[in-house]
Protein chains: 2
Amino acid sequence: MADAGIRTEVAVGIDDGLIVAVGTMTDVERELANIERSGDSEYHAQCEYIDCAGRVVTPGLVDSHTHAVFGRPRYDEQELRAAGAGYMEIAQKGGGIHSSVRDLRLRSEDDLLALTRARLQRLARYGTTTVEIKSGYGLSIEDELKSLRVIASVQSEANLRVVPTWLGAHEIPQDYRSGPDGRRRYIEQLVSEQLPTVAREKLAIFADVFCEPGVFTLDETRAILETARGRGLTLKLHADELEPSGGAELAAELGATSADHLAAISEAGIAALASSSTVATLLPGTMFFLGRTRQAPARALIESGAVVALATDFNPGTSPTPNLPLIMTIGVSQLHMSVAEVLLATTVNGAAALGLAGSTGQIASGFSADVALWECEDAREIPYWYGDARCVATWCRGEPVHTA
Amino acid sequence: MADAGIRTEVAVGIDDGLIVAVGTMTDVERELANIERSGDSEYHAQCEYIDCAGRVVTPGLVDSHTHAVFGRPRYDEQELRAAGAGYMEIAQKGGGIHSSVRDLRLRSEDDLLALTRARLQRLARYGTTTVEIKSGYGLSIEDELKSLRVIASVQSEANLRVVPTWLGAHEIPQDYRSGPDGRRRYIEQLVSEQLPTVAREKLAIFADVFCEPGVFTLDETRAILETARGRGLTLKLHADELEPSGGAELAAELGATSADHLAAISEAGIAALASSSTVATLLPGTMFFLGRTRQAPARALIESGAVVALATDFNPGTSPTPNLPLIMTIGVSQLHMSVAEVLLATTVNGAAALGLAGSTGQIASGFSADVALWECEDAREIPYWYGDARCVATWCRGEPVHTA
C-alpha cells in the first residue's frame with residue numbers, strides 16, 4: 001500500500017463507459033481513433049475533451065460501508081452523548097438502532113426512496129462513485145425487503161454505482177425481545193424466511209451480520225452467514241467494533257469479502273486477516289463522531305499485510321457524514337496512514353471490499369470510467385484541506401455524476 | 001450558554017445592511033413599511049423576499065482565529081507527523097512555522113492577495129461572514145507589513161467582514177536565532193519598530209503573541225502586549241496550547257479580548273478567565289488534525305462561567321480547514337459542548353472575541369445583517385451532518401456573500 005501509482009502529465013481516454021487508454025495525449029488520441037475507425041462515425045466529432053490541467057484526478061471513490069436507508073436523523077443522540085449519556089441510557093430514552101427501526105417501519109417506500117436519493121447526491125458531492133448500502137433498520141421481512149427495494153430503486157436510477165447488502169442481522173428487534181426464545185425465533189426467521197426471500201428476489205449481493213457480544217454471537221453469526229453463502233450471497237461482518245470477540249478471525253475463516261470496524265481487533269484477528277483475502281474495512285469517522293479516542297490499529301494491519309479499506313459508515317446514529325475525503329484525513333491524522341494508503345483504502349481496496357477489484361477503483365485500461373476531479377495541485381491536498389469539499393466533478397461509467 | 005434563543009416561524013427584516021425587525025411576517029412588514037414611508041420610494045417595489053421555510057437561519061458565523069495569509073500549503077508535514085515525526089524533526093526537515101516564513105517572504109503582495117482572496121471564498125462557503133486574519137508568517141517589518149496590507153486589501157474588497165491582527169510575535173525568526181542576543185534584538189525590533197509602524201498605518205485592530213515555553217515567555221509576552229496596548233491595539237494571546245504556563249492568567253490580567261487554544265490551561269487559568277471578560281477561544285480542529293487526543297476543557301470553562309468561542313485556527317501547518325461547522329461537530333462530539341453552546345461559540349461569543357459583540361453574531365434589531373441559511377430543518381443538524389457542507393447562502397451587511 002506504499003505506492004498509489006501517482007503520475008503526472010497523463011491523459012485518460014474513455015469510450016463507452018470504460019477507460020481505454022492512459023498515457024500521453026498522443027497515445028490516448030491514437031487509441032481512441034483506433035476505436036472510432038473500427039466503428040462508423042467520425043473520430044473528432046465524437047470526442048469530448050475535459051481539461052484537468054493543474055488539478056488532480058483520482059479513481060472515483062468507493063464508499064464500501066454505509067447505512068444510507070433511514071428516516072429521521074438522530075441528532076438528538078449526539079447531544080445526549082456529549083452530555084455523558086451512554087449507549088444504554090440513550091437506548092432507554094428511545095434512541096439507538098431501535099429508534100431508527102421504529103421510524104423506518106412507519107415510512108412508505110416512496111418516502112425512504114426520496115430520502116435515500118438525496119443522500120446519494122450528497123455522497124457523490126465528495127467524490128464517491130461507488131457506494132455500498134445496507135438494509136438493517138427494518139428487522140422484519142416486510143421492512144427489510146422494503147429497504148432493499150429502495151436500494152434497488154436508487155441502484156437502477158442513480159448514475160453512480162450502488163452495491164446492496166442485506167443486514168437483517170443488525171440487531172434483535174424489540175418485538176422479539178420478550179419471551180425466552182425470542183432471540184432464537186428471530187434468527188430462525190432470518191435464516192428460514194428473510195434470507196431465502198432476499199436471495200430469491202436477488203435484492204442483495206452481500207449478507208452482513210453485526211457480530212459483537214450483546215448483538216449476535218460468533219456462533220449465531222456463523223450460522224446466519226453460512227446460510228447466506230448457501231443462498232449465493234457473499235459475506236461481510238461488523239466485527240470487533242467494541243470488544244475483541246473473534247469477529248475478524250471468523251470473517252477470515254468464512255472467506256468473507258470484508259470485516260468492518262475492527263477498533264477492538266485482537267492480535268489473532270490481525271494475523272487472521274493478514275493471511276486471508278478478507279479486506280479490513282476501517283470506519284474511523286464513527287469513533288471520531290462518538291468522541292472516542294480509540295481507533296482501529298491501521299498501522300498494525302497494514303504492516304502485517306492485511307488489505308485495508310476506509311469507509312464513512314454513513315448512518316444516522318454514529319456517523320452521519322457523506323464526506324469520504326474527511327475519513328481520509330482521519331486516516332492520516334489519527335490512524336497514522338500515509339496519503340498513498342488512504343487513497344488506496346478509498347479506491348482499490350474499497351473496490352476489493354465490494355468484490356469489484358477488477359472493475360473499479362483504478363484509472364487503468366479496462367476499468368470502469370469512474371473518475372473524480374479535485375481542486376488540488378497535489379493528491380496530498382485531498383486529506384490535508386480537511387472538511388473542505390475539494391471534489392469538483394465525478395464521472396461513473398463515463399457519465400457525469402456530480403459537478404460543483 | 002445553555003440557551004441559543006432558537007425560534008421558529010420568524011421573519012427577519014433587513015434595511016440598509018442592518019437587521020431592523022425580527023418577528024412575525026406581519027410585524028416585519030409593518031416595520032419595513034415604516035422605514036420606507038419615511039423615505040422616498042414605494043415600499044413593495046424595494047422589498048426582496050427570500051423564502052427560508054423548512055430551513056434554518058443563524059447569524060453569519062464568526063471565525064475569530066485564522067492565519068489565512070500564507071503561501072504554500074504544508075501537506076507534506078501531515079504525512080511526516082502521521083509517520084511519527086515530532087515537532088523538532090519536522091522543523092529540522094525544513095517544516096513548521098519557519099517554512100511558511102521562508103515561503104511568504106519570497107512571494108509578492110499580489111500573489112498573497114490572490115491566495116488569501118480564494119481562501120476567504122472557501123471560508124464563506126461554510127457559513128462564515130466575519131473572519132479574523134493574523135499576520136505572523138513574515139516576522140520582519142517588511143513582510144509583516146506586506147501580510148497586513150494583504151489583509152487590508154481583502155478587508156476592503158471582500159463582502160464579508162475581515163478583522164486584522166498583527167502577530168509579529170508568532171515566533172523568533174531564524175535570522176535572529178544566531179548570536180546570544182538575537183532573541184532580545186527581535187523583541188526590541190517588535191516593540192520599537194514593527195508595532196509602532198503597524199499602529200501608525202492602522203493595519204491591525206489586535207496584537208497577538210504566541211505565549212508558550214520555547215516561543216515567547218510570559219514576561220516577553222507582557223512587554224510586547226503592554227506596548228501594543230499603549231499604541232492603541234487591543235490584545236489577544238495564543239495561550240496554554242501545549243503547557244500550562246500561565247498564559248490564560250496573563251490574558252485576564254492584561255484585559256485581553258481573548259485567550260486562544262487553552263488545551264493545556266490550568267485550574268488557575270480557568271478561574272482567571274471565568275472572573276474576567278476575556279473570551280476563551282478554543283481551536284479543537286488543531287488537536288484533531290495533529291492526531292492528539294487532548295482537547296481544551298470546554299466543560300470546565302463553561303461551567304466556571306468563562307465565555308467560550310470556537311474557531312478554525314485556519315493555517316497551513318496545524319489546521320487547514322475553512323469549515324467552521326466541522327469545528328462545531330468536534331465541539332459537541334469531543335469537547336462535550338451542547339448544540340446551543342457551539343452555536344453561541346461561533347456567533348455571539350466569536351463576535352465578543354473580536355470586540356464586535358454589539359454589532360454582529362446575533363439576529364436582533366440593530367445588529368449587522370450577517371445571516372447564514374442552512375439546508376437543515378433543525379439547528380442541531382448543523383454539527384450533526386459532520387463534514388457535509390449544509391450552508392446554502394450567507395449575507396454580510398445585508399449583501400450576499402456566498403450562495404451554494
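Chain identifiers are assigned alphabetically (A, B, ...) following the order of the sequence lines, protein sequences preceding nucleic acid strands; residue numbering begins at 1 within each chain. Values below: every heavy atom of this structure, side chains too, minus hydrogens, waters and symmetry copies.
Ring geometry for B/Y137 against B/H67 counts as tilted: the plane angle lies between 30° and 60°, on a 0 to 90° scale. Below 30°, between 30° and 60°, or above 60°: for A/H261 and A/H65 the angle between ring planes is above 60°, a perpendicular geometry.
The parts of B/R380 that come within reach of chain A are both its backbone and its side chain, each placing non-hydrogen atoms under 4.5 angstrom from that chain. Heavy atoms closer than 4.5 Å to chain A are found in the side chain of B/Y126, but not in its backbone. If you measure heavy-atom distances from B/R299 to chain A, you find no contacts under 4.5 Å at all. Within the 4.5 angstrom heavy-atom criterion, only side-chain atoms of B/I327, from C-beta onward, approach chain A. Only the side chain of B/E375 comes within contact range of chain A, with heavy atoms under 4.5 Å apart. With a 4.5 angstrom heavy-atom cutoff, B/A118 does not touch chain A via any of its atoms. At a 4.5 Å heavy-atom cutoff, B/R294 makes no contact with chain A through either its backbone or its side chain. Both the backbone and the side chain of B/P383 come within less than 4.5 Å of a heavy atom in chain A.
When the shell of 6.0 Å around CD of B/E303 is examined, it contains more than 12 heavy atoms from other residues, nucleotides or ligands.
Per-residue counts of heavy-atom pairs under 4.5 Å with chain B were compared for A/A82, A/G291, A/P320; the largest is that of A/P320. Note on A/G331, A/P73, A/A83: by heavy-atom pairs under 4.5 Å with chain B, the leading option is A/P73. In terms of heavy-atom pairs under 4.5 Å with chain B, the best-connected choice from A/E377, A/E77, A/R74, A/R125 is A/R74. For the options A/D378, A/T293, A/L290, heavy-atom pairs under 4.5 Å to chain B are most numerous at A/D378. Note on A/D76, A/L335, A/V332: by heavy-atom pairs under 4.5 Å with chain B, the leading option is A/V332. Comparing B/E79, B/Q295, B/R292 by how many heavy-atom pairs each has under 4.5 Å with chain A, the most go to B/E79. Among A/P322, A/P325, A/G84, the residue making the largest number of heavy-atom pairs under 4.5 Å with chain B is A/P322. Of the residues considered (B/M337, B/E381, B/R81), B/E381 shows the highest number of contacts with chain A, using heavy-atom pairs under 4.5 Å.
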### Message
Show, in sequence, the C-alpha distance, side-chain angles and deciding distance for A/L283 and A/S319, and conclude whether the side-chain contact (heavy atoms from CB on, under 4.5 Å) test is met.
### Response
CA-CA 9 Å; A/L283 310 167; A/S319 190; over 6 Å; no
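A/R72 and A/S99 form a side-chain donor-acceptor contact under 3.5 Å, judged by distance and modelled atom types alone.
Checking side-chain atoms of A/N315 against main-chain N and O of A/G317 turns up a donor-acceptor pair under 3.5 Å. A side-chain donor-acceptor contact under 3.5 Å links B/S333 to the backbone of A/F289. In terms of modelled atom types and a separation under 3.5 Å, the side chain of A/D313 and the main chain of A/T66 share no donor-acceptor contact.
Both tests pass for B/R119 against the ring of B/F70: distance under 6.0 Å to the centre and angle within 45° of the axis. B/W374 does not carry B/R390 over the face of its six-membered ring by the limits of under 6.0 Å from the centre and within 45° of the normal.
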